[in-house]
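Working notes for the structure below.
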Amino acid sequence: MLASMGVFVSVLASGSRGNSTLISSARTRILVDAGISCRETFKRMKAIGEDAHSLSAILITHEHSDHIYGLRVLAKKLSIPVFMTGATHQAWARAARDEEGCEPELGKLEKFSSGRSFQVGDISVMPFTIPHDAADPVAFTFRAEGTKIGVATDLGYLPLSVIDHLRGCDALVLESNHDLEMLRGGPYPWSVKQRVMSRVGHLSNEALADFFTSDYDGRAAYVVLAHLSEQNNHPEVARVSAEHALGIRRTLLHNRVMLALQSQPTEPIRL
Ligand SMILES: [Zn+2]
Ligand SMILES: [Zn+2]
């Protein structure tokens with residue numbers, strides 16, 4: 001295995017008001033989701049010392065607006081390839097039609113299929129299906145320079161197929177959406193609570209803790225808790241839940257738990 005030449009990950013924004021994550025090797029920079037505005041994406045990349053003009057491609061997980069809101073403007077401004085599945089593209093294009101019924105154009109659209117890996121520069125990307133209420137939702141793992149990074153949010157539960165894909169990651173960005181008690185007792189209408197808790201909703205702190213105490217291989221040096229609900233979770237509640245679960249297995253104490261925030265980017269995690 002080659003020594004790392006500068007792979008890093010930074011979650012630029014995370015939560016129901018917009019998601020975007022930067023995955024970078026020495027030569028290639030990938031933006032996973034464009035859920036914040038173009039201007040905000042530029043600003044946050046600058047805040048971590050990066051220039052948005054250096055982005056190589058944008059990858060989209062699914063068509064929900066908190067993952068795609070800034071896409072059209074960002075793709076036009078940067079004129080870089082946008083990767084998504086055919087079904088995700090169709091769902092987004094339909095929903096984003098203008099008053100005359102014209103669907104939005106993407107200059108460089110690249111379609112991929114779940115389960116089939118593809119290459120962006122020197123980063124190998126593996127998209128895989130996740131259980132979520134969108135047309136064709138995926139999560140990704142990335143391999144570059146001997147390291148592996150997993151990014152999986154917006155999933156109702158963790159099926160074995162997803163757990164398999166997340167094995168061997170050096171850094172994991174995983175959903176820790178809500179605390180079950182806070183959600184049950186919180187302000188959402190019952191129908192929304194049911195949706196969040198369903199098998200195609202969002203992953204709870206408790207479900208993530210279960211993963212850490214059972215199926216997780218303990219390999220990641222960094223675990224980033226992401227897509228936290230502002231109504232039904234609290235960063236410290238999510239952190240304590242994850243650290244407690246990781247602490248149960250002594251071998252996992254070297255896993256560093258970090259929090260991805262809605263308001264600002266995480267410091268780049270260098271692998
Ligand atoms: Zn979603
Ligand atoms: Zn989302």
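As the structure is a computational prediction, the values presented were derived from the model and not from experiment.
Evaluation of the salt bridge (Lys or Arg N to Asp or Glu O under 4.0 Å) rule for E181 yields R184 as partners, not counting sequence neighbours. Considering only residues two or more places apart in sequence or on other chains, R44 meets the salt bridge (Lys or Arg N to Asp or Glu O under 4.0 Å) condition with E40.
Both F118 and I30 are members of a single hydrophobic cluster when ILVMFWY side chains are connected at heavy-atom separations under 4.5 Å. A single hydrophobic cluster is not seen to contain both V200 and L160; linkage of ILVMFWY side chains at heavy-atom distances under 4.5 Å, directly or through other members, places them apart. Under the 4.5 Å side-chain heavy-atom criterion for grouping Ile, Leu, Val, Met, Phe, Trp and Tyr, L166 is connected to L246 within one hydrophobic cluster. The hydrophobic clustering, which links ILVMFWY residues whose side-chain heavy atoms are closer than 4.5 Å, places Y69 and L59 apart.
If you run side-chain contact (heavy atoms from CB on, under 4.5 Å) between V173 and each of V32, V224, L225, N19, only V224 comes through.
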Audit row: L174, F212, side chain to side chain contact (heavy atoms under 4.5 Å, CB included) steps and yes/no: CA-CA 11 Å; L174 294 175; F212 287 145; 4.2 Å; yes

Could you walk me through whether Y216 and V223 pass side chain to side chain contact (heavy atoms under 4.5 Å, CB included), step by step? CA-CA 11 Å; Y216 173 46; V223 174; 4.0 Å; yes

Would you please test T28 and S56 for side-chain hydrogen bond (donor to acceptor under 3.5 Å, both in side chains) and show each step? CA-CA 6 Å; T28 308; S56 318; 4.8 Å; no

List the steps, then state whether side chain to side chain contact (heavy atoms under 4.5 Å, CB included) holds for S79 with K108. CA-CA 7 Å; S79 188; K108 297 176 184 170; 3.8 Å; yes

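Side-chain atoms of Y157 and P131, non-hydrogen and from C-beta on, do get closer than 4.5 Å to each other. Looking only at side-chain heavy atoms (C-beta outward), I149 and I269 stay at 4.5 Å or farther from each other. Between S241 and L208, every side-chain heavy-atom pair lies at or beyond the 4.5 Å cut-off. You'll find the side chain of R72 stays beyond 4.5 Å of the side chain of E105, heavy atoms only. Contact annotation: the side chain of N232 approaches that of P187 to within less than 4.5 Å [non-hydrogen atoms, C-beta and beyond]. Within the 4.5 Å cutoff, the side chain of Y222 has no heavy atoms near those of the L172 side chain. Side-chain contact between T141 and F128 is present, with at least one heavy-atom pair separated by less than 4.5 Å. In this structure, V7 and R270 have side chains that are not in contact, with every pair of non-hydrogen atoms separated by 4.5 Å or more.
Dense packing is recorded around CZ of R97, with more than 12 heavy atoms of other residues, nucleotides or ligands lying under 6.0 Å away. Atom NZ of K77 has 12 or fewer neighbouring heavy atoms from other residues, nucleotides or ligands inside a 6.0 Å radius.
Listed by first and then second residue, the salt bridge (charged side-chain N to carboxylate O under 4.0 Å, His left out) pairs that reach into residues 122-138 are D133-R195, sequence neighbours excluded. Sorted by first and then second residue, the salt bridge (charged side-chain N to carboxylate O under 4.0 Å, His left out) pairs with a member in residues 50-62 read R29-E50; sequence neighbours excluded.
With respect to the salt-bridge test (charged N to carboxylate O, under 4.0 angstrom), the residues R17 and D66 do not qualify.
For the atom pair K193 NZ and Q231 CD, the distance stands at 10.5 Å (nearest 0.5 Å). For the atom pair H202 NE2 and E175 CD, the distance stands at 5.5 Å (nearest 0.5 Å). Atom CG in L261 sits 9.5 Å away from atom CD in E230 (nearest 0.5 Å).
S16 and Q262 get closest at one heavy-atom pair: N-OE1, 3.4 Å. When all heavy atoms of K148 and R167 are compared, the closest pair comes out as NZ-O, 2.7 Å.
Side chain to side chain, N177 and S229 fail the donor-acceptor criterion of an N or O pair below 3.5 Å. Side-chain contact, D179 with H234: no donor N or O sits under 3.5 Å from an acceptor N or O. S117 and S124 share no side-chain donor-acceptor pair at under 3.5 Å.
No side-chain donor-acceptor contact under 3.5 Å links D33 to the backbone of G35.
The ring of F83 has its center no closer than 6.0 angstrom to the ring center of F140.
Taking a 4.5 Å side-chain heavy-atom cut-off between Ile, Leu, Val, Met, Phe, Trp and Tyr, the cluster of L74 extends to F8, L12, L22, L31, F42, M45, I48, L55, I58, I60, I68, L71, L78, I80, V82, M84, W92, L106, L109. In the hydrophobic clustering (ILVMFWY side chains linked at under 4.5 Å, chained through shared members), M197 is joined by L180, L183, Y188, W190, V192, V196.
By the 30° and 60° cut-offs, the orientation of the rings of H67 relative to H62 is tilted.
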